[in-house]
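Right, one structure below, let's go through it.
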Amino acid sequence: MLRYALHRQGFTHTYQSNGNGMSVLSVSTDLTVWCRNGSFVWHEDEFLITHPSDDPDGATRLIMRHHRTPERPDDGLSPETPCD
């Protein structure tokens with residue numbers, strides 16, 4: 001659910017893996033979110049942030065405080081460059 005909430009905010013290049021009772025979501029090169037024991041968990045600077053997993057929209061708002069714009073792939077194209 002967090003992945004979909006982030007996608008709605010433009011974070012569309014995420015990668016998710018599930019296993020061993022835990023889910024891991026790579027949001028950007030400097031942000032990974034774990035879901036375990038009913039909480040989303042991630043690091044912001046030197047702080048460990050936890051948020052209830054039943055509130056993915058709230059977690060998205062917290063993530064966006066420090067990661068305001070989605071990471072864009074560095075493909076060398078400007079937004080105005082047409083793709084053939």
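Under the side chain to side chain contact (heavy atoms under 4.5 Å, CB included) criterion, Leu31 pairs with Val27, Ser28, Val33, Trp42, Ile63, His67, not counting sequence neighbours. Residues satisfying the salt bridge (charged side-chain N to carboxylate O under 4.0 Å, His left out) test with Arg8, not counting sequence neighbours, are Asp57. Here Asn20 pairs with nothing under the side chain to side chain contact (heavy atoms under 4.5 Å, CB included) rule; sequence neighbours left out.
Going from atom CD of Glu44 over to atom CG of Asp30 covers 10.5 Å, rounded to the nearest 0.5 Å. Interatomic distance, OG of Ser17 versus CE of Met22, reported as 8.5 Å (0.5 Å rounding). Taken to the nearest 0.5 Å, the OG1 atom of Thr12 stands 6.5 Å off from the NE2 atom of His7. Atom CG of Leu6 sits about 13.0 Å away from atom CE of Met1, to the nearest 0.5 Å. From Tyr4, atom OH reaches atom OG1 of Thr60 across 13.0 Å, with rounding to the nearest 0.5 Å.
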Applying side-chain contact (heavy atoms from CB on, under 4.5 Å), run through Ser39 and Ser53 and close with a yes or a no.
CA-CA 5 Å; Ser39 294; Ser53 63; 5.7 Å; no

Check step by step if side-chain contact (heavy atoms from CB on, under 4.5 Å) holds for Gln9 and Arg61.
CA-CA 9 Å; Gln9 297 301 320; Arg61 284 191 296 275; over 6 Å; no

Just do the side-chain contact (heavy atoms from CB on, under 4.5 Å) check on Gln16 and Val24 with the steps written out, would you?
CA-CA 6 Å; Gln16 186 171 347; Val24 179; over 6 Å; no

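Phe40 and Tyr15 fall into different hydrophobic clusters, defined by Ile, Leu, Val, Met, Phe, Trp and Tyr side-chain heavy atoms under 4.5 Å apart, directly or through other members.
Within the 4.5 Å cutoff, no side-chain heavy atoms of Val41 are placed close to those of Ile49.
The local environment of CG in Asn37 is sparse, with at most 12 non-hydrogen atoms from other residues, nucleotides or ligands closer than 6.0 Å.
Side-chain atoms of Arg3 come within 3.5 Å of backbone N or O of Thr14 as a donor-acceptor pair.
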